[in-house]
Peer 1: 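Questions regarding the structure given below will be posed in turn.
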Amino acid sequence: MPELPEVETIRRGLNRDLRGRKIIGLWTDWPKYFSAITSGKLQKGEATFRRHVLGKEITGVTRRAKNILIHLEEKSGGEHLLLVHQKMSGHLMIGKWQRANRKLLQELEEKWQNQKWIPAAPKGPLADPKNRFIRVVFFLDNGEMLALSDLRRFAKLVCGPKKLVLNLPELKKLGLEPLERAFTYKKFREALDRKRGRVKLVLLDQTRISGVGNIYADEILWFSKIHPLRRIEFLKDIEKKTLYRAIKFILKRGLRYRGTSIDDYRDARGRRGKYDLVRYAYQREGEPCRRCGVKIRRIKIAGRSAHFCPACQTLRHRMS
DNA sequence: ACAATATCCTGCGAGC
DNA sequence: TGCTCGCAGGATATTG
């Protein structure tokens, strides 16, 4: 579900509200989510993961592509990272659970674990009907909880020493961060060098430019007036420049509107994003193009929907 | 090297 | 109402 603007919006919320908090409990109904790395080996399952996170303090929350990185306890002992990828339907949210002392929380946690109790907070962000699929709960020392709602159970959580986590292939292989200063036109061209294939799939390829997903890929291409089936290797220089500018413009715009809440996306405190109100192409099939009025079309590319304006976004490069 | 497909899951809305 | 089908924001593994 979340792409760069959504993940970054969530990250900012988490960074503001989680810094200084200690993780004092963990509940889940889906142990498959978890893995932990120790001495380079990836251990699947909840047990080792639990040992890595319990009792640690959160020192900050950063982001790499669509991954959220929760930094744990850098002062005493080595810094650990808790990597969360929310995939299609995951949402990290903070909800007030209750004020209670540590002992009581531990007792409750054991109880819930045994009874497979599913926490359903009656108030606050977790009461959102779209985000009631709570699969993981981190209990915090201030009576709040960091919860993962994830209907489809695709999310992924890994914990381990900072260096080992940063060396995971899913982080190592990632391409340029499009909103960083280092994302220059020169770097963009280098990343595209010798890359071939349909431009839409290139935008979705996280090893070139990271953070763009299906929504913003369609938005970027609409804004660039480039047809999603065009081949990257045949784009003219001027089109590549347009594409480069559009990537930055659209992602910033998405971030400014705090993400897209067509469906169930909410920020860490349960607030909707508003980009869907101003979107150009994504899931606007049959609606008029905001430039020319022609109806937006939908096609399938590699099994995923692509929305575009058949008049503005032509398959042939237009001189003009 | 590339492209298309299957896979991990669950819920929802459309259409019959 | 009740069923089946298609669809969903991601990434990886597999197959051709």
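Chain letters run A, B, ... following the sequence lines, proteins first, then strands; residues in each count from 1. What you see is a predicted model, and the numbers here were worked out from it, not measured in a lab.
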Peer 1: Between C:dA8, C:dG10, B:dG11, which nucleotide has the shortest distance from any of its atoms to the side chain of A:F154?
Peer 2: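 The answer is C:dG10.
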Peer 1: Applying salt bridge (charged side-chain N to carboxylate O under 4.0 Å, His left out), run through A:E144 and A:R21 and close with a yes or a no.
Peer 2: CA-CA 9 Å; A:E144 290 198 308; A:R21 298 277 61 79; over 6 Å; no
Peer 1: When Watson-Crick pairs (N1 to N3 and N6-O4 or O6-N4) and G-U wobble pairs (N1-O2 and O6-N3) count only below 3.5 Å on both distances, what is the dot-bracket string of DNA chain B, with | for other-strand pairs?
Peer 2: .|||||||.|||||||
Peer 1: Relative to each other, are the rings of A:F183 and A:F188 parallel, tilted or perpendicular (30° and 60° limits)?
Peer 2: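 The rings of A:F183 and A:F188 stand perpendicular, inter-plane angle above 60°.
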Peer 1: What distance, rounded to whole Å, do you find between the two P atoms, one in B:dT5 and one in C:dC7?
Peer 2: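 These two P atoms come out 13 Å apart once rounded.
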Peer 1: When the P atoms of B:dA6 and C:dC5 are compared, how many Å lie between them, rounded to an integer?
Peer 2: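 One P to the other, the span is 16 Å.
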Peer 1: Once you round to the nearest 0.5 Å, how far does NE2 of A:H91 lie from CG of A:L151?
Peer 2: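 Those atoms lie 9.5 Å apart.
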Peer 1: Any idea which of B:dG11, B:dC9, C:dC7 is nearest the A:R152 side chain?
Peer 2: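 Closest of the options to the side chain of A:R152: B:dC9.
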Peer 1: Say you pick atom P in C:dA11 and the same atom in B:dC12; how far apart are they, in whole Å?
Peer 2: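 These two P atoms come out 24 Å apart once rounded.
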Peer 1: What distance separates A:K225 NZ from A:T314 OG1, expressed to the nearest 0.5 Å?
Peer 2: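 These two atoms lie 10.0 Å from each other.
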Peer 1: For the backbone of A:E73 and the side chain of A:E79, can you confirm whether one donor and one acceptor N or O come within less than 3.5 Å of each other?
Peer 2: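 Not at all, since once roles are kept as given, no pair shorter than 3.5 Å links the two residues.
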Peer 1: Is the ring pair A:H307/A:Y282 parallel, tilted or perpendicular, if the boundaries are 30 and 60 degrees?
Peer 2: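 Aromatic pair A:H307/A:Y282 classed perpendicular.
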Peer 1: Kindly check if the number of other-residue, nucleotide or ligand heavy atoms within 6.0 Å of CZ (A:R196) is above 12?
Peer 2: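 12 or below, so no.
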Peer 1: Please measure how far the P atom in B:dG11 lies from the corresponding atom in C:dT12, and state the result in whole Å.
Peer 2: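 Pairwise P distance, B:dG11 against C:dT12, rounds to 25 Å.
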Peer 1: Using the side chain to side chain contact (heavy atoms under 4.5 Å, CB included) rule, pick out the option among A:I250, A:I262, A:L255 that qualifies with A:Y275.
Peer 2: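 Of all the options given, the one that passes is A:I250.
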Peer 1: For each nucleotide in nucleotides 11-16 of chain C, reading 5' to 3', give B when a protein heavy atom comes within less than 4.0 Å of its base, S when such contact involves only the sugar-phosphate, and - otherwise.
Peer 2: SS----
Peer 1: A:N214 has a side chain; which of C:dG10, C:dA8, B:dC9 sits nearest to it?
Peer 2: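 For the A:N214 side chain, the nearest candidate turns out to be C:dG10.
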Peer 1: Check the interface with nucleotides 2-4 of chain B: list each N/O to N/O pair with the protein under 3.5 Å, or write none.
Peer 2:
| from | atom 1 | to | atom 2 | distance (Å) |
| --- | --- | --- | --- | --- |
| B:dA3 | OP1 | A:R231 | NH1 | 3.1 |
| B:dA3 | OP1 | A:R231 | NH2 | 3.2 |
| B:dA4 | OP1 | A:R198 | NH1 | 2.9 |
| B:dA4 | OP1 | A:R198 | NH2 | 3.4 |

Peer 1: Mind checking A:Y282 for me? I need base, sugar-phosphate or nothing, with any heavy atom below 4.0 Å counting as a touch.
Peer 2: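 Result for A:Y282 = sugar-phosphate.
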Peer 1: Nearest 0.5 Å please: distance from the CD atom of A:E285 over to the CD1 atom of A:I296.
Peer 2: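 These two atoms lie 10.0 Å from each other.
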